[in-house]
Amino acid sequence: MRITVFGTGYVGLVTGTCLADAGHDVLCVDVDPAKVEALNQGQVPIYEPGLAPMVARNRQEGRLSFTTDAEAGVAFGTLQFIAVGTPPDEDGSADLRYVLAVAATIGRHLDDYKLVINKSTVPVGTVDKVRAAIAAELQQRGRDIEFDVCSNPEFLKEGAAIEDFTRGARIVVGTESGRVRELMRECYGPYNWNHDKLIFMDPRSAELTKYAANAMLATKISFMNEMANLAERLDADIEHVRLGIGSDPRIGYHFIYPGCGYGGSCFPKDVQALARTARDVGYDAHILAAVDAVNQRQKASLFDKLAAAFDGDLAGRTVAVWGLAFKPNTDDMREAPSRVLMEAVWAAGGKIRAYDPEASRECRRLYGDRPDLEVVAHRHDALEGADALVICTEWKEFRVADFATIKKLLITPILVDGRNLYEPKAARQAGLLYYAIGRGERTYA
């Protein structure tokens with residue numbers, strides 16, 4: 001098939017590349033000339049395991065290309081994926097200006113049948129708005145050209161996006177058209193081989209499915225963090241509790257790891273957007289509000305523990321940070337707990353010396369050159385002369401640590417483990433003042 005993808009951000013680039021890798025001819029359109037030029041030179045702007053070589057291979061084989069020419073993009077593909085950003089507005093709702101701008105562009109250049117596919121995460125009812133935007137442009141042109149619009153939400157985890165796209169548990173399509181069903185079956189056929197993963201439903205249900213899935217996962221995380229905070233105050237160990245409840249097949253072990261809060265581009269904004277949607281229809285979604293509030297509070301817990309360890313005096317102190325990305329296997333720092341910690345340390349008069357395997361460049365882009373931030377090339381470089389170590393991201397290379405080296409390099413042997421990577425007893429026996437999330441021994445502030 002010939003497929004156009006509008007947007008070369010995280011979702012658009014992964015979608016376009018994986019569809020090209022399945023044998024389709026894909027043209028990706030973006031408004032950023034620098035990004036398109038870089039992609040055409042083989043430079044991938046995001047870190048996602050396996051993505052760069054897949055982009056290079058499909059470019060070389062002629063199945064994947066990039067352009068800023070929107071008219072050429074509309075002419076190219078029978079299938080037109082919209083995969084642009086929907087950032088949160090000031091009131092928490094999803095901003096649809098980019099989605100509707102693409103819809104208007106498609107309507108402006110439409111000359112034959114197209115299937116327009118909403119891949120962006122959008123509020124319920126967006127299929128109708130996209131359809132109206134295209135129809136308005138056609139009416140202005142005095143043209144009567146057939147087109148369809150469907151919802152096809154993405155379920156990609158950063159750090160495992162290619163696996164999720166190619167081997168995902170389900171492919172949700174929101175449509176009531178038989179023609180659309182057949183086109184989408186053809187599109188996803190290479191990834192729908194072993195068993196039928198396509199789930200067809202009406203567009204509004206498909207749009208809500210995406211938000212409901214992320215809200216459910218975020219709820220599990222916030223619930224577990226609530227239990228961790230309670231465990232600290234009861235001298236219980238949340239890791240034992242996690243094993244106890246995770247063994248129940250009705251609950252399972254996924255997304256019940258306590259920590260310093262969730263971040264990224266999806267969970268925070270999707271929970272807030274769904275809560276806003278609920279308010280718009282006169283419903284007060286108490287659980288969603290609580291999930292977001294717990295997460296915001298949890299992100300502050302690292303600083304609270306750090307401040308308690310120094311009796312509230314962080315002025316002039318240097319804090320080593322391991323992990324800047326909101327999760328492993330990505331360079332994404334959107335809504336990352338590390339940012340809350342660093343900004344709180346700076347506000348208290350402290351300095352940050354940080355290490356992350358992939359997010360160093362992103363950190364420098366976000367904060368620029370400043371005297372109270374040093375980004376280093378090795379995890380042990382962050383420790384030299386620092387007053388404490390805080391772990392914000394559970395990168396694999398942090399899971400085994402040399403406690404003796406950590407103690408030797410730190411001025412004060414304080415370790416705040418925001419991801420519960422280590423056994424408290426072993427860390428404390430090594431002479432570290434060890435603070436974790438919900439591990440008992442009254443470590444809360």
Q: Do Asp148 and Tyr113 meet the criterion of a side-chain donor-acceptor pair at a distance under 3.5 Å?
A: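 Short answer, yes.
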Q: Under 6.0 Å from the ring centre and within 45 degrees of the ring axis: does the NZ or CZ of Arg379 meet both conditions for the six-membered ring of Tyr355?
A: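 The answer is no; the distance or angle limit is not met.
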Q: Residues two or more places apart in sequence or in another chain: which of them pass salt bridge (Lys or Arg N to Asp or Glu O under 4.0 Å) with Arg297?
A: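 Here the qualifying residues are Glu226.
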Q: Does Phe398 have Arg419 sitting over its ring (NZ/CZ under 6.0 Å from centre, angle to axis within 45°)?
A: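 Ring-cation test returns no.
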Q: Would you please test Tyr367 and Arg339 for side chain to side chain donor-acceptor pair (under 3.5 Å) and show each step?
A: CA-CA 10 Å; Tyr367 293 111; Arg339 299 181 64 176; 3.2 Å; yes
Q: For Gln298 and Asn229, test the side chains for any donor-to-acceptor distance below 3.5 angstrom and give the result as yes or no.
A: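 Side chains of Gln298 and Asn229: pair found under 3.5 Å.
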Q: May I have the list of side-chain donor-acceptor pairs in residues 199-206 shorter than 3.5 Å, sequence neighbours left out?
A:
{"from": "Asp202", "atom 1": "OD1", "to": "Ser205", "atom 2": "OG", "distance (Å)": "2.7"}
{"from": "Asp202", "atom 1": "OD2", "to": "Arg204", "atom 2": "N", "distance (Å)": "3.3"}
{"from": "Asp202", "atom 1": "OD2", "to": "Ser205", "atom 2": "N", "distance (Å)": "3.0"}
{"from": "Asp202", "atom 1": "OD2", "to": "Ser205", "atom 2": "OG", "distance (Å)": "3.2"}
{"from": "Arg204", "atom 1": "NH2", "to": "Asp128", "atom 2": "OD2", "distance (Å)": "3.3"}

Q: Checking Arg370 against Trp346: charged group under 6.0 Å from the ring centre and within 45 degrees of the axis?
A: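 That pair qualifies as a cation-pi contact.
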Q: Give the intermediate values and the outcome of salt bridge (charged side-chain N to carboxylate O under 4.0 Å, His left out) for residues Glu423 and Arg439.
A: CA-CA 9 Å; Glu423 278 301 316; Arg439 303 304 301 271; 3.6 Å; yes
Q: Go through the steps for Asp417 and Tyr434 under the test side chain to side chain donor-acceptor pair (under 3.5 Å), then give the verdict.
A: CA-CA 7 Å; Asp417 182 357; Tyr434 180 76; 2.6 Å; yes
Q: Determine the minimum heavy-atom distance between Lys197 and Asn192, stating which atoms define it.
A: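 Residues Lys197 and Asn192, closest heavy atoms: N-OD1, 2.6 Å.
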Q: Please confirm whether the backbone N or O of Thr121 pairs with a side-chain atom of Thr86, one donor and one acceptor, at under 3.5 Å?
A: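 Yes, Thr86 side chain to Thr121 backbone: donor-acceptor pair under 3.5 Å.
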Q: Under the criterion side chain to side chain donor-acceptor pair (under 3.5 Å), I'd like the reasoning laid out for Lys119 against Asn152: C-alpha separation, chi angles, the key distance, then a yes or no.
A: CA-CA 5 Å; Lys119 198 69 176 170; Asn152 175 218; 3.0 Å; yes
Q: Does the pair Tyr10 and Glu48 meet the rule for a side chain to side chain donor-acceptor pair (under 3.5 Å), with working shown?
A: CA-CA 9 Å; Tyr10 189 85; Glu48 176 63 34; 2.6 Å; yes
